[in-house]
Amino acid sequence: MSVIAANLQTVRRRLAAAELEAGRSAGEVSLLAVSKTFPPGAVRTAFEAGQRAFGENYVQEGLDKIAALASLREQLSWHFIGPLQSNKTRAVAEHFDWVHSVDRLRIAERLSAQRPASMGPLQVCIQVNISGEASKSGVAPADVLALARAIAPLPNLHLRGLMAIPEPADDIAAQRRPFAALRALLAALREDGLAVDTLSMGMSGDLEAAVAEGATIVRVGTAIFGARPRPAESGMNPAGAP
Ligand SMILES: *Cc1c(COP(=O)(O)O)cnc(C)c1O
């Protein structure tokens, strides 16, 4: 068995154990495999081990990978999870199935306007700056409701819920706090009448805490594909990471 297939098995077991521990149904939480910096061959290996949903952070790298794996396109779902600038929205609208990182109305409006009708609605989450760090992307918690109300009616988007990347924390209690805050924000949107169902939260180091607080999608990179060579800024690792 390949390392990636073995890692996937381990992550699936962690997810199943976390679901059980949280009293949630088996298979309730979706696994998004974050393939950023890894070559198309790594995605193919994960695909052969049964994985179908993949996450990318950098537009050009994602487009290259989607093109390299065009023969699998109908079977895969591609999720854009990185910072998104206005001049890159068209490529994302035309090639991805999901965007987890919408943090302002202008980006959502462009994605809706640029989404090809033939593809059906683009699934989107609003990224929330849940730990309140000045440097991180995401909308402030206080502004989430207004942004969600503005995005929900856009014709070619389907607002699914919220995403966050909290500050890393070592103990499970500290990990759970920001995830609980995101869950409360989603509940507030539902109370407002918005039909949202997705909490995209939890990564390799904190997926158990996220599942305990209601994650519906966990985004896992390192635990599946291995350590990334360095914090990538853009482009695929030419050497074929790691
Ligand atoms: C890289 C990344 C992940 C995966 O992180 P790991 O710690 O490698 O599991 C998840 N979400 C986002 C937004 C990322 O950029």
Side-chain angles (χ1 to χ4, degrees), residues 3-4 6-15 17-18 29-39 42-43 45-46 49 51-63 65 77-85 88 92 96-104 107 123-131 133 135-139 160-172 174-176 178-179 182 198-213 215-237 241-242:
V3 172
I4 288 172
N7 287 346
L8 263 172
Q9 203 171 74
T10 302
V11 170
R12 288 184 191 128
R13 287 196 183 119
R14 279 177 65 187
L15 210 45
V29 183
S30 312
L31 175 60
L32 179 64
V34 178
S35 44
K36 66 180 179 204
T37 79
F38 290 92
V43 172
T45 301
Q51 180 64 29
R52 294 294 178 267
F54 294 90
E56 290 289 331
N57 276 59
Y58 311 104
V59 176
Q60 193 54 52
E61 180 191 344
L63 296 178
K65 233 172 275 183
S77 72
W78 287 102
H79 297 230
F80 188 76
I81 62 174
L84 184 52
Q85 273 114 40
K88 302 277 178 65
V92 169
F96 283 81
D97 301 297
W98 282 70
V99 177
H100 292 226
S101 46
V102 172
D103 63 359
R104 52 198 194 276
I107 293 290
Q123 313 295 308
V124 302
C125 290
I126 293 173
Q127 184 175 351
V128 183
N129 185 356
I130 203 73
S131 306
E133 305 128 83
S135 60
K136 284 262 175 71
S137 33
V139 65
R160 296 297 300 271
L162 303 176
M163 180 273 238
I165 315 170
E167 276 282 83
D170 288 332
D171 69 286
I172 188 124
Q175 290 174 354
R176 284 181 67 155
F179 294 143
L182 198 71
T198 299
L199 279 173
S200 167
M201 59 189 197
M203 316 201 301
S204 294
D206 57 12
L207 71 87
E208 285 83 4
V211 169
E213 293 297 345
T216 64
I217 302 178
V218 293
R219 309 177 311 268
V220 178
T222 310
I224 296 172
F225 295 106
R228 290 179 292 275
R230 62 189 142 71
E233 292 303 326
S234 64
M236 255 181 267
N237 171 21

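Keep in mind the model is a prediction, meaning the values are calculated, not measured. Just follow the structure's listing: the first ligand is 1, and inside any ligand the first atom is 1.
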Exercise. Check Leu32, Val34, Val211 against Val218 for a side chain to side chain contact (heavy atoms under 4.5 Å, CB included) and give me the one that passes.
Key: Val211

Quiz item: Who are the side-chain hydrogen bond (donor to acceptor under 3.5 Å, both in side chains) partners of Asp97, not counting sequence neighbours?
Solution: Arg73

Quiz prompt | All side-chain hydrogen bond (donor to acceptor under 3.5 Å, both in side chains) counterparts of Glu56, not counting sequence neighbours | solution = Ser35, Lys65

Quiz item: Does Val43 reach the side chain of Trp78, with side-chain heavy atoms less than 4.5 Å apart?
Solution: yes

Quiz prompt | Any Asp171 side-chain heavy atom under 4.5 Å of Gln175 side chain | solution = no

List, for ligand 1, each N/O atom that has a protein N/O partner under 3.5 Å away, with both atom names and the distance.
from     : atom 1 : to     : atom 2 : distance (Å)
ligand 1 : 8 (O)  : Thr222 : N      : 2.8
ligand 1 : 8 (O)  : Thr222 : OG1    : 2.5
ligand 1 : 8 (O)  : Arg228 : NH1    : 2.8
ligand 1 : 8 (O)  : Arg228 : NH2    : 3.1
ligand 1 : 9 (O)  : Ser204 : N      : 3.0
ligand 1 : 9 (O)  : Ser204 : OG     : 2.5
ligand 1 : 9 (O)  : Gly221 : N      : 2.8
ligand 1 : 11 (N) : Arg219 : NE     : 2.9
ligand 1 : 15 (O) : Lys36  : NZ     : 2.7
ligand 1 : 15 (O) : Asn57  : OD1    : 3.4
ligand 1 : 15 (O) : Asn57  : ND2    : 2.8

Please output the side-chain donor-acceptor pairs of residues 200-209 that fall under 3.5 Å, not counting sequence neighbours, one pair per line with the distance.
from   : atom 1 : to     : atom 2 : distance (Å)
Ser200 : OG     : His100 : ND1    : 2.8
Ser200 : OG     : Arg219 : NH1    : 3.0
Ser204 : OG     : Thr222 : N      : 3.4
Ser204 : OG     : Ala223 : N      : 3.0
Asp206 : OD1    : Met203 : N      : 2.7
Glu208 : OE1    : Arg14  : NH2    : 3.0
Glu208 : OE2    : Arg14  : NE     : 2.7
Glu208 : OE2    : Arg14  : NH2    : 3.4

